[in-house]
Amino acid sequence: MAKTSAPHTLVIVESPAKARTIEKYLGKGYTVESSIGHIRDLPKSAADIPEKYKGKAWARLGLDIENDFQPLYVVAPEKRAHVAKLRKMASEADEIILATDDDREGESIAWHLFQELRPKVPVKRMVFHEITKEAIQAAIAAPRQIDSNLVEAQETRRALDRLYGYEVSPVLWKKVAPKLSAGRVQSVATRMLVERERERMRFVSATWWDLLVTGKTAEGATFPARLTDVAGQKLALGRDFDPLTGRLKDGVVARLLGEAEARALAEGLSGQPLTVTSAEEKPFTQRPYPPFITSTLQQEGSRKLGFAATRTMRAAQRLYEQGYITYMRTDSTNLSSEAVSAARTQVAQMYGPSYLSPQPRVYAKKSKNAQEAHEAIRPAGSSFRTPDSLRGELSGDEWRLYDLIWKRTVACQMADARGRSLRVRLGGKAKTGEDVQLSASGRTIDFPGFLRAYVEGSDDPSAALEDRETPLPPLREGERVLADSVKPEGHETQPPARYTEASLVQSLEGAGIGRPSTYASILGTIQDRGYATKKGQALVPSWTAFATSALLEHHFSSLVDYDFTAKMEEDLDDIAGGRAQRVPYLRRFYLGDHGEGMALRPLIDSKMGEIDARGIATIVVPKLEGSGIEVRVGRYGPYMERSGEKANLPEDLAPDELTAEKAEEIMSRPTGDRVIGTDEATGHPVVARAGRYGPYVTLGAENPPIRSASLFPTDDLGTLTLGRALKLLSLPRLVGTSEGEEVWAQNGKYGPYLKRGSDSRSLTSHEELFNVGIQEAEALFLQPRYGKGRAAAAPPLRSFEYPGRANIILKSGRFGPYLTDGEKNATLRKGEDEGTLTAERALEILEERGKEPQKKPGKSGARTGAARTGAAKKSGARTPARKGAASTSAASAAPAKKAPAKKAPAKKAPAKAAAKAKAPAKATFTWADLRPHLGVLSDPERRLVTATREQGRKVEDIAPELGLEVAKAKGMALQASKKLNQAARGG
DNA sequence: CAGTGAGCGAGCTTCCGCTTGACTT
């Protein structure tokens, strides 16, 4: 620690760009470094959990529930190098100042830094809200200590989010679909989208008509006016209709104009004189909008520039890093005095002193739960660069965003806009005799004030239209004008608009949900999880979002309350203020306390059994009520079902577009099936179809078909002939009988194979299904099961050699590439590329997380992989010998085979072990074993089986006796055989 | 969700909030 140089102080802030700026202000004796956000967090997944805690039940959560929810903090691997650097810098400093943001998260970062760096020199905490020389020097002069209550509040927030997310998500995996997620923020955001879509789905539109009249004064000036009353009755407008019925709302007394009436009235009013019955002029003023915060920047970026939230933030980040704007993740509309004076100077220069607001404007806190650690988003510095002066310096997106920020900032110190609004009523009489009233309104801007610099964009075009200046000619009461032209106009009521990125962020912010740093990523999360897709600007919730939201609303309603976060924030404020404690709060939330609190864990435990997955997957669509059609989310996406008939829902069909007619159309849509002919023997159609498992043909057009068969790889769905289809449908084929068992040739999901009892052998080609004879089949059954096939199928991808150590080889498995040295195996993870893997890295991976393969039940003791491999080979080699011996003597074959098979499960006395023990369960049973289980079969099944097994008859011969088609009887025989084997296995 | 037999190394998915590069294509 002994240093020859002058004493110096290490200041740590959160952002590198901020560090650079501050260093300039602090000068000699100070080094400023950044933490780059949080440096530690709860472990994200198993890979982050230290070995020491791996076995703990609570490690997955990172919170030791039984020990006061003690958090387990880890430095993420990608942060380790940086933390090491900070630690080194800390050891070389004489003093450390933790200058992270002045909010809950910032306080926590300071505390984590303190914990992780373990400094041996004095440590101070300082805060500032604007990056100006004065503010920073003032902050340096007034240091404080870390506020442990505030840190506790952050830890509570963190723990609650973890418990919510990591406990509720698995409920969704089980009840809806894997990889889904739930969370305090995203689940409410999703719910908002779903509820809006539900309104749209229930919406019934209505049509109404009115008249647009062009009035003409004596001087020849024209102006637009709209019909408001007919024969003393108010005209019905869009807002008078009930969105659920499309009819006028209860209690509304209004005249509803139909098209014919509107046209007749237009005709009758055309050219008629009108009298101004009233003309009212009112002055108005409009104040400028507050300067940008993250949410409003994203909203205006979207409305005015058409940027998605991420695009706005990317451009803002670059502007910030290059020193053009202040920090872009903020919830404060506050401007430093430096900024206010810079803006005012610029207004005076560019627009003249009359455009300046008389007093500097101060904007109040805008949103719920704002933490106000930073300034508003504004051009940086004590004199703003004008957008024009930066044209050559900034890229397109950056310049346009800077321009927007500059205008908004400057505008906020400008004078109010002033103007007059004029509202005129007119009366008249149609030629047909009805009295009518009309109204016209106008808006005149007398002094634009801030509007010279900035007009806020709008999500609603009709509102924007209203905002536009619409001057009216000066009209006085009693004045006569002419209905110069009269145009009937039809209108349709519109369902509530879908959320856009911007409006969703606005709503979330309004409810105090989410933070400036997360708005953009929330949008990403709900899209990544498949809860929403973008259709133009609109966010359209998916059917999965409906299912997820329904589950949460019905079973965890308080978790998706719009007020949940607001309530949490109140509680966190209490903790930050020392009025409440973290542990009791978390206990109530997670475990419950004598019937009080959320009690999440017990709730989940009781709900797991209660929640009906099928019910949750069935989505209520009001417009399909009574149609018998149900919408359901299945493993392969959303589909409709009506009495067994199914149809996929097209991917691009938004939920609100699914009307009864549309549903019927999709249900009756040809599924791409092609009828290729009729089976003469049965009279049923033969249909070629494309299925989930690939192309196949069916006998019968209905669902499910009578029979079906996959096409061979050499077949083509488009050119398949009837003869070929029927040939495929003739499978499975009975090859003959061997060892008292039928041998069937069958096409399965692993390809063509032969089956004898519960034994099977793969065939090398599909055509063999039709050709293979009983001798060849028997020869195949003499071969070991997978002997040559497997040895050839698994060549190592790569091999790494090490002196004094077994080789490690890279193999391809069904879970992807993995490493093995015969002892341990380790699957490659994301980012570990099989091509670029080095020998060192391979060794590292295997030693770090290699696992011994799980012991198979029924195998004794812990054997090494190498030993087991050897044993397997040996037993593989032995099998044909044994079978060969058996085949020479049919009588002795059965017991020889049966003995090991039956003994194994018998040894495993506990029911659990037996149920898990797959290997012995696959044993071959003799007819004597199976016979006692005939009771599990239906009558025809039993007759089929006994006739084939005991009388050696063929299925083809028995089928007519049972009144069955041969193919169906074959299927039934197979099915029966399966049932019997299962019964014998299960005991 | 629609027909289907076996055997091979399991292990992970997920939250919210702070913050940037380091990667590859």
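Here is how names work: the chains are called A, B, and so on, in the same order as the sequence lines, proteins then strands, and each is numbered from 1.
Stacking of Arg529(A) on the aromatic ring of Tyr531(A) is not recorded, the 6.0 Å distance cut-off and the 45° axial limit not both being met.
The distance between atom CG of Leu552(A) and atom P of dC15(B), rounded to the nearest whole Å, is 13 Å. Across the protein-nucleic acid pair, Leu42(A) atom CG and dC15(B) atom P stand 14 Å apart, rounded to whole Å. Per the geometry, CG belonging to Asp528(A) stands 14 Å off C1' belonging to dT13(B), to the nearest Å. Separating the CG atom of Leu728(A) from the P atom of dT4(B) is a distance of 16 Å, rounded to the nearest angstrom. One atom, CG of Leu180(A), and another, C1' of dC15(B), lie 14 Å apart when rounded to the nearest Å. In this structure, CZ of Arg756(A) is placed 16 Å from C1' of dA6(B), rounded to the nearest angstrom. One atom, CG of Leu172(A), and another, C1' of dC12(B), lie 16 Å apart when rounded to the nearest Å. Remark: P of dG11(B) and CH2 of Trp173(A) are 16 Å apart, rounded to the nearest angstrom.
Every pair passing salt bridge (Lys or Arg N to Asp or Glu O under 4.0 Å) that includes a residue from residues 35-49 of chain A is listed here, sequence neighbours excluded: Arg40(A)-Glu116(A), Asp41(A)-Arg158(A).
Looking only at atom types and distance, the side chain of Tyr327(A) has a donor-acceptor partner in the side chain of Arg329(A) under 3.5 Å away. Side-chain N/O atoms of Glu107(A) and Gln154(A) include no donor and acceptor closer than 3.5 Å. Residues Tyr164(A) and Ser169(A) have side chains that never bring a donor and an acceptor to within less than 3.5 angstrom of each other.
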**Prompt:** When Watson-Crick pairs (N1 to N3 and N6-O4 or O6-N4) and G-U wobble pairs (N1-O2 and O6-N3) count only below 3.5 Å on both distances, what is the dot-bracket string of DNA chain B, with | for other-strand pairs?
**Reply:** .........................
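In this structure, the side chain of Thr294(A) engages the main chain of Met328(A) through a donor-acceptor pair within 3.5 Å.
The only option from Glu14(A), Lys79(A), Glu105(A) that meets the side chain to side chain donor-acceptor pair (under 3.5 Å) definition with His38(A) turns out to be Glu105(A).
Counting only heavy atoms from C-beta outward, the side chains of Trp111(A) and Glu155(A) approach each other to under 4.5 Å.
For dA6(B), neither phosphate oxygen OP1 nor OP2 lies less than 4.0 angstrom from any side-chain nitrogen or oxygen of Ser760(A).
Within a 6.0 Å sphere centred on CZ of Phe712(A), other residues, nucleotides and ligands contribute more than 12 heavy atoms.
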**Message:** Does the protein touch nucleotides 16-23 of chain B at the base, only the backbone, or not at all? Give it as B, S and - per nucleotide, heavy atoms under 4.0 Å.
**Reply:** BBBBS---
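Stacking of the aromatic ring of Tyr164(A) onto the base of dC15(B) is not found under the criterion of centres within 5.5 Å and planes under 30°.
Note on Ser169(A): a base of the nucleic acid sits closer than 4.0 angstrom, heavy atoms only.
Listed nucleotides: dT4(B), dC15(B), dG3(B). Nearest to the side chain of Tyr753(A): dT4(B).
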